Amino acid sequence: MFDTVDATLATVAGSPWVLLVVAVVAAADALVPLAPSESTLIAVAVASAASGRPPLVFVVIAAALGAYGGDRLAYGVGRRFGPAMTARLQRRRRTRAMAELAHRVMHRRGRTLIVLGRYLPGGRSATAITAGLVGYPLSQFQRFTALAVTIWAVWAALLGYGSRALFDNHPTVGLALAYTVAAAVAVVAGLARRLGAGRPTSTTPAVAKRSRTPTRPEVSRTPGVTRVGDQGGKPVEQ
(Lines give C-alpha, C1' and ligand atoms only; values in the text may rest on other atoms or scores of the structure.)
Protein backbone atom coordinates (compact mmCIF):
# COMPACT_ATOMS: atom_id res chain seq x y z
CA MET A 1 0.00 0.00 0.00
CA PHE A 2 2.78 2.42 0.94
CA ASP A 3 4.58 1.71 -2.33
CA THR A 4 1.44 2.59 -4.31
CA VAL A 5 0.95 5.89 -2.49
CA ASP A 6 4.65 6.74 -2.86
CA ALA A 7 4.48 6.07 -6.58
CA THR A 8 1.38 8.25 -6.87
CA LEU A 9 3.13 11.12 -5.09
CA ALA A 10 6.10 10.83 -7.44
CA THR A 11 3.80 10.87 -10.46
CA VAL A 12 1.93 13.92 -9.20
CA ALA A 13 5.15 15.78 -8.46
CA GLY A 14 6.42 15.14 -11.96
CA SER A 15 3.30 16.52 -13.67
CA PRO A 16 3.76 19.87 -15.42
CA TRP A 17 0.28 20.86 -14.20
CA VAL A 18 0.87 20.30 -10.52
CA LEU A 19 1.48 23.97 -9.66
CA LEU A 20 -1.66 25.00 -11.54
CA VAL A 21 -3.65 22.40 -9.60
CA VAL A 22 -2.29 23.74 -6.31
CA ALA A 23 -3.28 27.30 -7.24
CA VAL A 24 -6.75 26.40 -8.54
CA VAL A 25 -7.63 24.26 -5.52
CA ALA A 26 -6.38 26.96 -3.15
CA ALA A 27 -8.58 29.51 -4.92
CA ALA A 28 -11.66 27.27 -5.03
CA ASP A 29 -11.47 26.65 -1.28
CA ALA A 30 -12.53 30.26 -0.65
CA LEU A 31 -15.95 29.66 -2.22
CA VAL A 32 -16.25 25.89 -1.77
CA PRO A 33 -14.93 25.09 1.72
CA LEU A 34 -14.83 21.37 0.91
CA ALA A 35 -12.02 21.90 -1.59
CA PRO A 36 -8.89 20.26 -0.11
CA SER A 37 -6.52 23.20 -0.49
CA GLU A 38 -4.33 22.48 2.54
CA SER A 39 -4.30 18.73 1.88
CA THR A 40 -3.24 19.31 -1.72
CA LEU A 41 -0.50 21.73 -0.71
CA ILE A 42 0.87 19.36 1.94
CA ALA A 43 0.85 16.40 -0.46
CA VAL A 44 2.75 18.32 -3.13
CA ALA A 45 5.23 19.56 -0.51
CA VAL A 46 5.83 15.96 0.59
CA ALA A 47 6.42 14.97 -3.03
CA SER A 48 8.75 17.94 -3.46
CA ALA A 49 10.83 16.81 -0.50
CA ALA A 50 11.04 13.29 -1.95
CA SER A 51 12.06 14.16 -5.51
CA GLY A 52 12.89 17.87 -5.56
CA ARG A 53 10.09 18.46 -8.06
CA PRO A 54 8.50 20.91 -8.14
CA PRO A 55 10.77 23.23 -6.16
CA LEU A 56 9.24 24.03 -2.79
CA VAL A 57 9.41 27.80 -3.30
CA PHE A 58 7.28 27.47 -6.45
CA VAL A 59 4.76 25.40 -4.52
CA VAL A 60 4.50 28.13 -1.86
CA ILE A 61 4.08 30.87 -4.46
CA ALA A 62 1.40 28.95 -6.38
CA ALA A 63 -0.58 28.23 -3.21
CA ALA A 64 -0.33 31.79 -1.92
CA LEU A 65 -1.38 33.34 -5.23
CA GLY A 66 -4.29 30.96 -5.61
CA ALA A 67 -5.48 31.53 -2.05
CA TYR A 68 -5.21 35.30 -2.44
CA GLY A 69 -7.23 35.25 -5.66
CA GLY A 70 -9.90 33.07 -4.09
CA ASP A 71 -10.23 35.29 -1.03
CA ARG A 72 -10.45 38.37 -3.19
CA LEU A 73 -13.18 36.75 -5.25
CA ALA A 74 -15.12 35.76 -2.13
CA TYR A 75 -14.84 39.34 -0.84
CA GLY A 76 -16.20 40.57 -4.18
CA VAL A 77 -19.17 38.21 -3.92
CA GLY A 78 -19.98 39.57 -0.46
CA ARG A 79 -19.60 43.15 -1.66
CA ARG A 80 -21.82 42.50 -4.66
CA PHE A 81 -24.73 41.11 -2.64
CA GLY A 82 -24.08 43.15 0.51
CA PRO A 83 -26.73 45.88 0.06
CA ALA A 84 -29.52 43.44 -0.83
CA MET A 85 -28.59 41.10 2.00
CA THR A 86 -28.37 43.95 4.51
CA ALA A 87 -31.81 45.25 3.50
CA ARG A 88 -33.24 41.79 3.94
CA LEU A 89 -31.69 41.32 7.38
CA GLN A 90 -33.02 44.68 8.58
CA ARG A 91 -36.62 43.46 8.31
CA ARG A 92 -36.54 41.42 11.51
CA ARG A 93 -35.21 42.31 14.91
CA ARG A 94 -33.19 39.12 15.40
CA THR A 95 -31.52 39.16 11.98
CA ARG A 96 -30.92 42.90 12.32
CA ALA A 97 -29.10 42.29 15.61
CA MET A 98 -27.02 39.55 13.97
CA ALA A 99 -26.08 41.85 11.11
CA GLU A 100 -25.06 44.61 13.50
CA LEU A 101 -22.97 42.16 15.53
CA ALA A 102 -21.18 40.90 12.41
CA HIS A 103 -20.46 44.49 11.37
CA ARG A 104 -19.00 45.39 14.78
CA VAL A 105 -16.89 42.25 15.11
CA MET A 106 -15.51 42.49 11.59
CA HIS A 107 -14.55 46.13 11.90
CA ARG A 108 -13.00 45.63 15.34
CA ARG A 109 -11.22 42.32 14.83
CA GLY A 110 -11.03 42.06 11.07
CA ARG A 111 -7.27 41.68 10.86
CA THR A 112 -7.26 38.84 13.39
CA LEU A 113 -10.14 37.04 11.70
CA ILE A 114 -8.55 37.34 8.26
CA VAL A 115 -5.22 35.94 9.41
CA LEU A 116 -6.42 33.23 11.81
CA GLY A 117 -9.88 32.39 10.46
CA ARG A 118 -8.45 30.31 7.61
CA TYR A 119 -7.30 27.63 10.08
CA LEU A 120 -10.91 26.92 11.06
CA PRO A 121 -13.12 24.67 8.93
CA GLY A 122 -15.07 27.04 6.69
CA GLY A 123 -13.58 30.04 8.47
CA ARG A 124 -11.74 31.34 5.44
CA SER A 125 -14.76 31.64 3.15
CA ALA A 126 -17.00 32.92 5.96
CA THR A 127 -14.51 35.66 6.85
CA ALA A 128 -13.91 36.80 3.28
CA ILE A 129 -17.60 36.90 2.31
CA THR A 130 -18.58 38.60 5.57
CA ALA A 131 -15.87 41.22 5.05
CA GLY A 132 -17.46 42.09 1.72
CA LEU A 133 -20.98 42.06 3.13
CA VAL A 134 -20.25 44.52 5.95
CA GLY A 135 -18.12 46.82 3.80
CA TYR A 136 -14.76 46.10 5.42
CA PRO A 137 -12.19 48.42 3.76
CA LEU A 138 -10.79 46.76 0.64
CA SER A 139 -7.27 48.08 1.14
CA GLN A 140 -7.06 46.57 4.62
CA PHE A 141 -8.62 43.33 3.46
CA GLN A 142 -6.06 42.98 0.66
CA ARG A 143 -3.15 43.80 2.94
CA PHE A 144 -4.05 41.35 5.68
CA THR A 145 -5.10 38.70 3.19
CA ALA A 146 -1.69 38.90 1.53
CA LEU A 147 -0.08 38.40 4.92
CA ALA A 148 -2.46 35.56 5.81
CA VAL A 149 -1.99 33.55 2.60
CA THR A 150 1.79 33.90 2.82
CA ILE A 151 1.87 32.59 6.38
CA TRP A 152 -0.53 29.78 5.52
CA ALA A 153 1.32 28.66 2.39
CA VAL A 154 4.72 28.68 4.09
CA TRP A 155 3.35 26.85 7.13
CA ALA A 156 1.60 24.08 5.18
CA ALA A 157 4.47 23.62 2.73
CA LEU A 158 7.07 23.39 5.48
CA LEU A 159 4.83 21.02 7.41
CA GLY A 160 4.69 18.63 4.46
CA TYR A 161 8.35 19.05 3.60
CA GLY A 162 9.53 18.59 7.18
CA SER A 163 7.31 15.58 7.83
CA ARG A 164 8.70 13.89 4.72
CA ALA A 165 12.25 14.63 5.88
CA LEU A 166 11.58 12.83 9.17
CA PHE A 167 10.63 9.65 7.31
CA ASP A 168 13.05 9.58 4.44
CA ASN A 169 12.22 6.04 3.37
CA HIS A 170 8.47 6.32 3.86
CA PRO A 171 6.87 9.40 2.25
CA THR A 172 3.42 8.06 3.07
CA VAL A 173 4.17 8.09 6.81
CA GLY A 174 5.40 11.65 6.51
CA LEU A 175 2.22 12.59 4.66
CA ALA A 176 0.07 11.00 7.39
CA LEU A 177 2.00 12.87 10.07
CA ALA A 178 1.56 16.19 8.27
CA TYR A 179 -2.19 15.63 7.93
CA THR A 180 -2.44 14.74 11.62
CA VAL A 181 -0.63 17.89 12.70
CA ALA A 182 -2.78 20.06 10.39
CA ALA A 183 -5.96 18.49 11.81
CA ALA A 184 -4.72 19.08 15.37
CA VAL A 185 -4.08 22.75 14.60
CA ALA A 186 -7.64 23.09 13.25
CA VAL A 187 -9.05 21.49 16.41
CA VAL A 188 -7.03 23.78 18.69
CA ALA A 189 -8.10 26.83 16.66
CA GLY A 190 -11.73 25.76 16.96
CA LEU A 191 -11.46 25.32 20.72
CA ALA A 192 -9.77 28.70 21.06
CA ARG A 193 -12.59 30.31 19.08
CA ARG A 194 -15.23 28.71 21.30
CA LEU A 195 -13.48 29.83 24.47
CA GLY A 196 -13.11 33.34 23.12
CA ALA A 197 -16.76 33.50 22.08
CA GLY A 198 -17.93 32.39 25.54
CA ARG A 199 -15.87 34.97 27.40
CA PRO A 200 -17.85 38.05 28.48
CA THR A 201 -16.68 41.40 27.29
CA SER A 202 -14.74 43.60 29.68
CA THR A 203 -17.31 46.38 29.58
CA THR A 204 -20.28 44.28 30.67
CA PRO A 205 -19.35 43.86 34.38
CA ALA A 206 -18.50 47.54 34.70
CA VAL A 207 -21.84 48.59 33.27
CA ALA A 208 -23.68 46.18 35.51
CA LYS A 209 -21.74 47.35 38.52
CA ARG A 210 -22.52 50.97 37.78
CA SER A 211 -26.19 50.20 37.33
CA ARG A 212 -26.35 48.57 40.80
CA THR A 213 -24.64 51.47 42.54
CA PRO A 214 -27.30 53.38 44.56
CA THR A 215 -27.64 57.06 43.99
CA ARG A 216 -26.58 59.06 47.00
CA PRO A 217 -28.18 62.40 47.84
CA GLU A 218 -26.14 65.48 47.18
CA VAL A 219 -25.52 67.44 50.31
CA SER A 220 -25.22 71.13 49.77
CA ARG A 221 -22.51 73.03 51.59
CA THR A 222 -25.04 75.73 52.43
CA PRO A 223 -26.15 75.26 56.06
CA GLY A 224 -29.70 74.04 56.41
CA VAL A 225 -30.16 73.10 52.75
CA THR A 226 -30.06 69.56 51.33
CA ARG A 227 -30.43 68.50 47.68
CA VAL A 228 -31.86 65.00 47.32
CA GLY A 229 -31.32 63.37 43.91
CA ASP A 230 -32.80 65.55 41.25
CA GLN A 231 -35.73 67.31 42.84
CA GLY A 232 -36.18 69.59 39.89
CA GLY A 233 -33.28 71.69 41.14
CA LYS A 234 -35.36 72.89 44.15
CA PRO A 235 -33.75 72.96 47.58
CA VAL A 236 -35.50 71.34 50.47
CA GLU A 237 -35.35 73.40 53.65
CA GLN A 238 -34.72 71.54 56.90
Side-chain angles (χ1 to χ4, degrees), residues 20-42 60-157 182-199 201:
L20 180 61
V21 170
V22 170
V24 170
V25 175
D29 192 26
L31 293 174
V32 185
L34 296 179
S37 60
E38 189 165 273
S39 302
T40 302
L41 173 55
I42 290 175
V60 171
I61 292 173
L65 290 177
Y68 181 86
D71 285 11
R72 180 64 182 83
L73 180 61
Y75 177 92
V77 170
R79 197 67 175 261
R80 169 65 178 82
F81 296 101
M85 182 66 69
T86 301
R88 189 175 224 175
L89 294 175
Q90 293 295 327
R91 297 175 184 174
R92 297 183 179 180
R93 180 181 301 176
R94 178 176 299 180
T95 55
R96 183 169 62 250
M98 292 174 60
E100 293 173 353
L101 176 62
H103 186 278
R104 289 197 305 271
V105 171
M106 196 68 219
H107 282 270
R108 283 183 189 173
R109 304 178 181 177
R111 63 186 69 182
T112 303
L113 294 174
I114 292 170
V115 174
L116 301 181
R118 65 194 324 104
Y119 298 99
L120 298 170
R124 175 190 170 195
S125 56
T127 301
I129 293 175
T130 302
L133 283 172
V134 303
Y136 189 79
L138 177 59
S139 60
Q140 294 187 34
F141 177 81
Q142 293 180 147
R143 183 165 62 252
F144 292 116
T145 296
L147 173 64
V149 300
T150 302
I151 295 173
W152 168 78
V154 171
W155 138 258
V185 169
V187 170
V188 171
L191 291 176
R193 181 184 65 84
R194 286 177 177 271
L195 292 175
R199 186 178 304 169
T201 60

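Small disclaimer: the values here were computed from a predicted structure and weren't measured.
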Do [X] and [Y] make a side-chain contact, defined as non-hydrogen atoms from C-beta onward lying under 4.5 Å apart?
X: Asp71; Y: Phe144; answer: no
X: Leu113; Y: Met106; answer: yes
X: Trp152; Y: Leu41; answer: yes

How close do [X] and [Y] get, counting heavy atoms only, and between which atoms?
X: Ala30; Y: Ala74; value: O-CB, 4.1 Å
X: Ile42; Y: Ala156; value: CG1-O, 3.7 Å
X: Gly122; Y: Ser125; value: O-OG, 3.2 Å
X: Ser37; Y: Ala26; value: CB-CA, 3.7 Å

Check whether Arg79 reaches the backbone of Leu138 with its side chain - one donor and one acceptor, N or O, closer than 3.5 Å.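 Not at all, since once roles are kept as given, no pair shorter than 3.5 Å links the two residues.
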As an exercise, state the distance from [atom1] of [X] to [atom2] of [Y], rounded to the nearest 0.5 Å.
X: Tyr75; Y: Thr130; atom1: OH; atom2: OG1; answer: 11.5 Å
X: Arg111; Y: Thr145; atom1: CZ; atom2: OG1; answer: 13.0 Å
X: Gln142; Y: Ile114; atom1: CD; atom2: CD1; answer: 10.5 Å

Check against side chain to side chain contact (heavy atoms under 4.5 Å, CB included), Thr127 and Arg118: CA-CA 8 Å; Thr127 301; Arg118 65 194 324 104; over 6 Å; no
Has Arg143 got more than 12 heavy atoms of other residues, nucleotides or ligands less than 6.0 Å from its CZ? yes
Describe, in one word, how the ring planes of Tyr136 and His107 are oriented to each other, choosing from parallel (under 30°), tilted (30 to 60°) and perpendicular (over 60°). tilted
